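The next block holds one structure in the form of structure tokens; read it before the comments.
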Amino acid sequence: MLYSDKVMDHFLNPRNLGTIDDADGVGEVGNAKCGDIMKIYLKIDNDIITDVKFNTFGCGSAIASSSMATEMIKGKPVDEALKLTNKAVTEALDGLPPHKIHCSVLAEEAVQAAIADYRTRNGLPTDDIPSCNGCCGGCHSHDHGHGHDEE
Amino acid sequence: MLYSDKVMDHFLNPRNLGTIDDADGVGEVGNAKCGDIMKIYLKIDNDIITDVKFNTFGCGSAIASSSMATEMIKGKPVDEALKLTNKAVTEALDGLPPHKIHCSVLAEEAVQAAIADYRTRNGLPTDDIPSCNGCCGGCHSHDHGHGHDEE
Amino acid sequence: MGYIYADNAATTKMSRHAAEVMLGVIENNYANPSSLHTPGQLAAVQLAESRQAIAEILNCEPREIIFTGGGSEADNQALLSAAAIGQRKGKKHIISTKFEHHAVLHTLQKLEKQGFEVTYLDVHENGIVRPEDVKAAIRPDTVLVSVMYANNEIGTIQPIRAIGAICREQGVLFHTDAVQAVGHLPIDVQADNIDMLSLSAHKFHGPKGVGALYARKGVALTSLIEGGAQERGKRAGTEDLPAIAGMAAALQDAVRDMDANTARVSALRDRLIEGLSAIPHSTLTGDREHRLPGCASFCFEGIEGESLLLLLDQKGIGASSGSACTSGSLDPSHVLLAIGLPHEVAHGSLRLTLSPENTPEEMEHIIQAVTDVVAYLRLISPVWNDLQKGIKNYVIQ
Amino acid sequence: MGYIYADNAATTKMSRHAAEVMLGVIENNYANPSSLHTPGQLAAVQLAESRQAIAEILNCEPREIIFTGGGSEADNQALLSAAAIGQRKGKKHIISTKFEHHAVLHTLQKLEKQGFEVTYLDVHENGIVRPEDVKAAIRPDTVLVSVMYANNEIGTIQPIRAIGAICREQGVLFHTDAVQAVGHLPIDVQADNIDMLSLSAHKFHGPKGVGALYARKGVALTSLIEGGAQERGKRAGTEDLPAIAGMAAALQDAVRDMDANTARVSALRDRLIEGLSAIPHSTLTGDREHRLPGCASFCFEGIEGESLLLLLDQKGIGASSGSACTSGSLDPSHVLLAIGLPHEVAHGSLRLTLSPENTPEEMEHIIQAVTDVVAYLRLISPVWNDLQKGIKNYVIQ
Ligand SMILES: Cc1ncc(COP(=O)(O)O)c(C=O)c1O
Ligand SMILES: Cc1ncc(COP(=O)(O)O)c(C=O)c1O
């Protein structure tokens with residue numbers, strides 16, 4: 001099957017779905033042209049992520065990756081959340097199809113973007129956060145042929 | 001099916017099969033290299049073909065064409081037998097597959113060769129008999145592709 | 001309600017009749033049609049009869065049909081054959097459209113690398129090629145026009161007869177990829193002025209892995225597969241007689257029942273179109289009138305197609321988004337872009353393609369499910385959020 | 001006694017098991033493996049399982065197998081892929097043999113027209129290529145060696161492992177057309193040093209119209225059929241899953257039963273060889289030892305093969321002469337000429353190819369029938385007449 005049971009579970013029953021009106025940090029990455037947008041909302045108290053929500057426009061693995069990423073950072077100190085890698089997200093999902101790895105990259109970047117927003121709002125340094133160009137690398141590096149089948 | 005009922009009948013129950021020891025004319029055309037040899041034996045009485053026999057090395061349509069050709073000239077005056085065409089043989093057999101037409105040509109040529117032999121033995125002119133080069137044209141004009149299938 | 005299969009443009013279920021014919025050949029007529037013995041000759045007879053049956057339906061001669069391993073192979077062979085003819089005549093310009101199937105587009109790209117020039121015609125917002133555009137594009141060095149009979153993603157039917165007439169008049173070869181049309185629309189290669197036509201059995205309830213290429217007498221085919229002289233030397237390989245006979249049976253049935261099937265299936269489709277059009281900011285893709293009887297294709301703003309498909313699947317509905325595509329959300333369909341939809345909207349596409357097996361109850365179920373799923377996905381979509389807040393503007397009103 | 005089918009090298013009857021698997025897929029797993037919905041994904045799973053099964057048997061990785069529309073297509077693709085590699089490297093010399101199948105020979109001829117040089121190795125009187133001949137023929141610009149695993153007309157088995165070792169050592173690609181061998185002989189692409197291998201399901205009681213090409217990882221394939229990205233972009237077209245699953249099942253059965261089948265079939269074959277050798281001026285064609293278990297091939301002096309076949313058919317025996325060939329008596333088999341038989345003898349060939357369905361009683365019937373028919377045809381043969389009278393000399397003593 002295309003997706004692991006874990007991915008399907010997070011896709012069908014996404015954790016932390018929604019928005020936070022009075023969020024302390026909001027990050028949005030991807031763009032509609034590429035077909036994936038993730039938006040992550042953080043509540044941060046004492047450098048601890050006390051609440052997190054997401055909205056995602058995208059494929060099954062994009063939604064599942066967002067859901068998993070929010071689970072993985074919830075209750076964690078910001079510094080630890082910053083260390084979340086796409087690899088960790090992918091592993092936690094029991095893997096993603098090769099051409100879907102970029103979705104986990106997007107989740108990593110969305111978390112970073114939300115934290116960067118939080119830091120900026122609070123006058124904190126952001127130089128340890130890799131800057132995201134607003135669209136996952138996957139979108140443009142997609143080459144014809146890797147599993148891109150059609151009838 | 002490959003062959004008409006008429007061809008199969010003449011192949012399975014060839015008429016005039018055999019040899020004539022004291023033949024008045026014998027004609028052999030084709031060669032083993034090409035895969036078809038026809039030999040026709042004539043008894044001629046008063047310029048009438050009173051008996052005819054054949055031996056053939058060759059495919060189903062070669063045997064059927066020989067059989068049909070001997071039937072068509074038996075009891076006929078030599079001059080009339082000379083007019084036997086491959087077209088007439090093919091038609092009498094209700095047709096041959098395109099790549100087998102050369103077999104009927106061979107039958108026509110075998111009859112002509114036998115009559116030429118008879119005329120030569122009897123000092124009669126043979127200039128109205130087309131000379132046969134000993135191998136049917138079909139053998140060398142065979143080009144790859146006309147129904148030459150294989151598994 | 002059982003699982004609703006609404007992806008018949010991707011592939012169809014074989015009809016019971018076609019499967020029985022196939023099984024009959026497998027059991028009783030399994031010899032090689034090239035063999036001289038009786039079993040082989042009986043196979044050759046069945047091969048000839050299948051060819052005859054298909055030729056009658058297309059209105060051509062049996063010798064103008066060669067059997068292939070499917071629609072893609074037929075498309076490839078048609079284009080490469082025309083290119084070889086063009087090469088010999090020094091004509092290296094080909095006209096096609098922007099929304100052909102990849103079997104055509106990728107072959108054209110290969111030909112471009114070999115020095116051919118290809119004009120890809122617009123298909124306009126309604127997804128229909130204009131014959132006058134074809135006419136205007138023809139040049140003295142044009143060897144071929146290739147326009148599909150009906151599009152596989154949006155179901156639009158092209159004015160093949162008119163395009164064929166222009167090509168005939170201008171002395172240009174005309175190929176049509178009729179993979180989605182054969183068995184669903186009446187086709188007559190003479191009346192339609194078609195020089196080459198590709199078809200594929202699994203799109204009309206026949207077997208997979210088999211198709212045919214019609215090539216008008218006098219159009220020299222180049223063989224892709226060399227070897228034995230099967231198919232008059234134009235396609236080597238032991239003939240897949242069970243599939244070929246199954247294809248002929250399926251096509252005969254499809255043509256016999258075409259009027260009844262069209263009436264039934266287009267009524268289902270019309271109900272779908274009606275029901276789904278009620279979803280706000282949705283649009284039918286492709287012309288409303290000139291479309292395959294079984295094809296309803298939509299775009300919904302603010303959502304992405306793969307998640308839509310997966311959630312519909314959870315609700316027991318098998319559909320597709322653009323073309324069946326496991327690459328997910330990366331490449332939006334070239335067809336939807338060709339009809340002028342922006343990328344972000346093209347991502348939110350849904351294709352429902354019906355067969356006579358579908359029922360009116362299923363349509364109601366689909367309408368309800370799509371409505372619910374679209375609403376849910378919009379709820380969780382940051383794009384929809386922005387649209388609603390007026391941060392972005394709707395493309396689909 | 002019913003009709004005796006002894007033409008299994010032309011094609012086999014599908015096994016009941018393979019037919020049942022195929023029918024099961026047709027009925028229950030008919031979706032397109034590229035579709036995202038559950039039925040499509042279940043089809044994708046079955047596709048992957050079939051690939052896995054075949055890969056295990058050949059001892060390679062699943063991704064090293066691509067499915068094709070048959071053996072000819074696999075052969076064509078293997079050679080054209082190697083040629084493309086050679087072209088890139090400036091290596092335009094290919095080594096093959098004089099008695100390959102036409103799917104190989106005609107592709108090589110096409111490559112010769114494109115500037116490749118081909119060395120066609122001798123196969124000697126026993127119909128076996130000598131590894132040292134291969135070694136001697138390799139040049140710095142040799143890109144490929146293609147030698148069939150077993151010959152389809154005379155059944156001789158080639159020293160593939162030794163040839164493969166030479167190629168590996170010399171850094172030359174090695175392809176083998178194993179269409180007649182797969183399912184009948186143990187094959188291990190690793191141990192045999194094979195880079196590319198072609199197989200075809202209908203030669204081992206699987207379905208027609210489906211085959212596979214094994215290509216070692218790192219050997220870049222060129223696609224013959226462009227379009228969708230099925231088969232990792234190397235062979236477009238909706239996968240023929242029923243046939244692919246049927247092929248996997250047939251191959252698994254063939255390999256599981258190989259020892260038993262070999263014992264049974266080679267005993268039948270040996271009896272045939274013994275019985276037919278008693279006909280005067282007859283000869284077994286090809287090596288006595290290194291031959292396919294089911295293949296008995298003969299030449300009879302003084303007669304022509306087509307009439308022999310037709311008369312055997314009348315007696316209820318389906319056989320072939322050389323390769324199954326409807327051209328009748330014009331072209332003698334290139335295989336028989338390659339093993340040094342003169343044209344006139346090559347015309348008198350008979351190939352009997354057995355399956356485990358054949359019985360010892362059938363062998364006795366065949367021996368009697370062939371003996372009778374050969375005697376009859378000699379009786380009416382002017383060539384035999386000349387031989388008997390001493391006007392010509394026997395070639396076969
Ligand atoms: C040795 C060999 N190679 C290739 C082929 C071609 O296989 P197919 O008929 O499946 O294309 C055959 C038989 O037809 C064969 O015997
Ligand atoms: C319009 C069109 N052309 C060509 C094809 C290719 O046909 P096949 O999958 O039989 O190779 C398809 C579907 O797959 C199609 O929809």
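First the proteins, then the strands, lettered A, B, ... as listed; each starts at 1. What you see is a predicted model, and the numbers here were worked out from it, not measured in a lab.
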Checklist entry - Is it the backbone or the side chain of C:Glu27 that comes under 4.5 Å from a heavy atom of chain D, or both, or neither? => result both
Item to check | C:Asp240 portion near chain D, given a 4.5 angstrom heavy-atom threshold | outcome: both
Item to check | Smallest separation among heavy atoms of C:Leu36 and D:Leu309, with atom names | outcome: CD1-CD1, 3.8 Å
Checklist outcome for this item: Here the pair of heavy atoms bringing C:Thr107 nearest to D:Glu226 is OG1-CB, 3.7 Å
Checklist entry - Side chain, backbone, both or neither: which part of C:Ala319 has a non-hydrogen atom closer than 4.5 Å to chain D? => result backbone
Next on the checklist: As an exercise, state the distance from CD of C:Glu73 to OG1 of D:Thr68, rounded to the nearest 0.5 Å.
Outcome noted: 10.0 Å
Checklist entry - Using a cut-off of under 4.5 Å for heavy-atom pairs, which of D:Leu312, D:Thr38, D:Leu23, D:Leu224 has the most such pairs with chain C? => result D:Thr38
Checklist entry - Measuring heavy-atom distances to chain D, does C:Ala243 have an atom under 4.5 Å in its side chain, in its backbone, in both, or in neither? => result neither
Checklist entry - When you measure from the side chain of D:Asn32 to the backbone N and O of C:Thr11, does any donor-acceptor pair fall under 3.5 Å? => result no
Next on the checklist: Tell me which of these, C:Pro242, C:Gly316, C:Ser72, C:Ala19, has more heavy-atom pairs under 4.5 Å with chain D than the rest.
Outcome noted: C:Ser72
Item to check | Which portion of D:Thr12 sits near chain C, non-hydrogen atoms under 4.5 angstrom | outcome: backbone
Checklist entry - Does a side-chain heavy-atom distance below 4.5 Å link C:Tyr5 with D:His37? => result yes
Item to check | Pick from C:Arg16, C:Lys208, C:Arg235 with the largest number of heavy-atom pairs that fall under 4.5 Å of chain D | outcome: C:Lys208
Checklist entry - Could you go step by step and tell me if D:Met22 and C:Met22 meet the side chain to side chain contact (heavy atoms under 4.5 Å, CB included) rule? => result CA-CA 11 Å; D:Met22 193 162 168; C:Met22 194 161 167; 3.2 Å; yes
Checklist outcome for this item: Honestly, the part of D:Leu310 sitting under 4.5 Å from a heavy atom of chain C is side chain
Item to check | Proximal component of D:Ser223, with respect to chain C [non-hydrogen, under 4.5 Å] | outcome: backbone
Item to check | Under 4.5 Å from any heavy atom of chain C - which part of D:Lys13 | outcome: both
Item to check | Atom of C:Thr238, atom of D:Ala10 and distance for their closest heavy-atom approach | outcome: OG1-O, 4.5 Å
